[in-house]
Q: 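Okay, handing you the structure first.
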2 protein chains.
Amino acid sequence: MRISEASLKSGLSADTIRYYEKSGLMPAIDRGADGLRRFSPENVEWLTLLYWLRKTGMPMKEMCHFAELYQQGERTIRERKAVLIRHSERLKTRRQELEKCAEILDYKLSAYKVIEGKNT
Amino acid sequence: MRISEASLKSGLSADTIRYYEKSGLMPAIDRGADGLRRFSPENVEWLTLLYWLRKTGMPMKEMCHFAELYQQGERTIRERKAVLIRHSERLKTRRQELEKCAEILDYKLSAYKVIEGKNT
DNA sequence: GCTTGACTTGGAGTTGCTCCAGAAGAGTAG
DNA sequence: CTACTCTTCTGGAGCAACTCCAAGTCAAGC
């Protein structure tokens, strides 16, 4: 499939996909006779994973490292596992931050209610 | 208090605080006779709120708008409430994204386990 | 009186995109 | 065949939100 379809399926914009390729986050995408990129389903699965990792705060540097491991095949599975486990810990931290912020918002909103009560 | 203490208490770096002031996210901070910024506890509370809003993904533009409302006093409470409610909806969305990503990671990790099982 | 340390400003650098101009190729309409 | 539209390509500029740095000021301590 071509880039627009890959974009639609992965969630990444075409620009971002090209940018990721340039940055070494992809195992060089095949080109058709016309010179346009052709994405395999495996390519798209990879892009989708990148989409989620990035969206939840993994820095590009770490994704680059992860991409290198991926390119080196199955013998790097152990290390890749470690990267993902570290990331899922990051998710836990993020969730706690959201929780904390939600608390603060609730507090602020209730304080507003008190002020409004005074003024009416 | 001075900027280093305000930084410590709010969670924002001194650089970021100065940047926020320049960007209009703060009601102009007082200066002492020495020309250095002096932060009131109210200033710090405001910075702390900004810290959490930013950390959980509110764009600067929206924070600027919120800051303007704040500067206009109590008559903007209703609108400020709306901003915070919108943000708490954003938090909900973010939480779902984290959840979704956690699922993907679990799936990937279990897939790795299968591969490792085959190789040993 | 001299050094140390926190602070000041303005500006350059960084990350991770996002948008744009200009060109090339395929497909459709007249 | 010509004209037009669509998608894609590349290289490069622009942007958000910091982050870091150089050069200078000023008060406090030895």
Side-chain angles (χ1 to χ4, degrees), chain A residues 1-26 28-40 43-44 46-68 83 87 90 94 97 101, chain B residues 1-26 28-40 43-44 46-68 83 87 90 94 97 101:
Chain A
M1 79 197 72
R2 300 198 309 199
I3 202 165
S4 58
E5 201 182 335
S7 161
L8 224 85
K9 287 193 177 161
S10 67
L12 296 165
S13 76
D15 272 318
T16 302
I17 292 172
R18 282 189 283 256
Y19 171 66
Y20 280 5
E21 191 194 13
K22 245 191 290 181
S23 312
L25 269 75
M26 288 289 303
I29 303 150
D30 291 346
R31 303 285 181 132
D34 50 9
L36 305 186
R37 291 174 184 81
R38 291 304 144 102
F39 295 79
S40 69
N43 285 156
V44 172
W46 177 249
L47 284 172
T48 307
L49 180 56
L50 292 186
Y51 169 80
W52 285 105
L53 293 178
R54 193 64 207 86
K55 184 160 202 160
T56 53
M58 183 181 285
M60 290 261 300
K61 253 190 200 167
E62 206 170 320
M63 297 200 330
C64 279
H65 175 59
F66 187 57
E68 273 166 36
V83 173
H87 189 63
R90 185 149 34 200
R94 279 250 196 281
E97 286 167 8
C101 186
Chain B
M1 79 197 72
R2 300 197 310 197
I3 202 165
S4 59
E5 201 182 334
S7 161
L8 224 84
K9 287 192 178 162
S10 67
L12 296 165
S13 76
D15 270 319
T16 302
I17 292 173
R18 282 188 284 256
Y19 172 65
Y20 280 5
E21 191 194 13
K22 246 190 289 181
S23 312
L25 270 74
M26 287 290 303
I29 303 149
D30 292 347
R31 301 286 181 134
D34 49 9
L36 305 187
R37 292 174 183 81
R38 290 304 143 101
F39 295 79
S40 69
N43 284 157
V44 172
W46 176 248
L47 284 172
T48 307
L49 180 56
L50 293 187
Y51 169 79
W52 284 105
L53 292 179
R54 192 66 205 85
K55 184 158 203 162
T56 53
M58 184 181 285
M60 290 262 299
K61 254 192 198 167
E62 206 170 320
M63 298 200 331
C64 279
H65 175 60
F66 187 58
E68 272 165 36
V83 173
H87 189 62
R90 184 150 35 201
R94 280 250 197 282
E97 286 167 7
C101 185

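Model, not experiment: these values are computed from the prediction. Within every chain, numbering begins at 1; the chains are lettered A, B, ... in the order of the sequence lines, protein sequences first and strands thereafter.
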Q: What nucleotide, of D:dT19, C:dC20, D:dC9, holds the atom closest to the side chain of A:Asp15?
A: C:dC20

Q: Among C:dC17, C:dC7, D:dC20, which nucleotide has an atom closest to any side-chain atom of B:Leu36?
A: C:dC7

Q: Look only at the side chain of B:Arg54 and the backbone of B:Met58, and say whether a donor-acceptor pair between them is shorter than 3.5 Å.
A: yes

Q: Indicate yes or no for a side-chain donor-acceptor contact from B:Thr48 to the backbone of B:Val44 under 3.5 Å, with no hydrogens or angles considered.
A: yes

Q: Take B:Ile17 and B:Ser7, measure what side chain to side chain contact (heavy atoms under 4.5 Å, CB included) needs, and give me the verdict at the end.
A: CA-CA 7 Å; B:Ile17 292 173; B:Ser7 161; 4.1 Å; yes

Q: Could you check how far NZ of A:Lys22 sits from C1' of C:dG16, rounded to whole Å?
A: 12 Å

Q: Without decimals, in angstroms, what is the distance between A:Arg38 CZ and C:dA26 C1'?
A: 11 Å

Q: Could you pick out which residue, A:Arg2 or B:Tyr20, lies toward the 5' side of DNA chain D when each is mapped onto its nearest nucleotide?
A: A:Arg2

Q: Calculate the interatomic distance between A:Glu5 atom CD and D:dT7 atom P; express it in whole Å.
A: 13 Å

Q: Within this structure, what is the CZ-to-P distance between A:Phe39 and D:dT7, rounded to whole angstrom?
A: 16 Å

Q: Within this structure, what is the OH-to-C1' distance between B:Tyr19 and D:dC15, rounded to whole angstrom?
A: 10 Å

Q: Starting at CD1 of B:Ile17 and ending at C1' of C:dC7, how long is that distance when rounded to a whole Å?
A: 13 Å

Q: What integer distance in Å separates B:Met58:CE from D:dC18:P?
A: 13 Å

Q: Just N and O in the side chain of B:Arg54: are any of them under 4.0 Å from OP1 or OP2 of D:dC18?
A: yes

Q: C:dT8, OP1 or OP2 - any side-chain N/O from B:Arg37 closer than 4.0 Å?
A: yes

Q: With rounding to the nearest 0.5 Å, note down the distance linking CZ in A:Arg38 to CG in A:Asn43.
A: 12.5 Å

Q: When you measure from the side-chain N and O atoms of A:Arg31 to the phosphate of D:dT10, is any distance below 4.0 Å, counting only OP1 and OP2?
A: yes

Q: Which of these, A:Phe66, A:Trp52, A:Tyr51, sits in a ring-ring contact (aromatic ring centres under 6.0 Å, His included) with A:Trp46?
A: A:Phe66

Q: Taking the side chain of B:Met60 as its heavy atoms from C-beta onward, which of D:dA17, C:dC17, C:dT9 lies nearest to it?
A: D:dA17

Q: Can you tell me which nucleotide in D:dT7, C:dC19, C:dC17 comes closest to the side chain of A:Ser4?
A: D:dT7

Q: So, is B:Arg18 close to the C:dT9 phosphate, meaning a side-chain N or O under 4.0 Å from OP1 or OP2?
A: no

Q: From the set D:dC9, D:dA17, C:dT18, return the single nucleotide nearest to any side-chain atom of A:Thr16.
A: C:dT18

Q: In whole Å, I'd like the distance from the CG atom of A:Leu25 to the P atom of C:dG16.
A: 10 Å

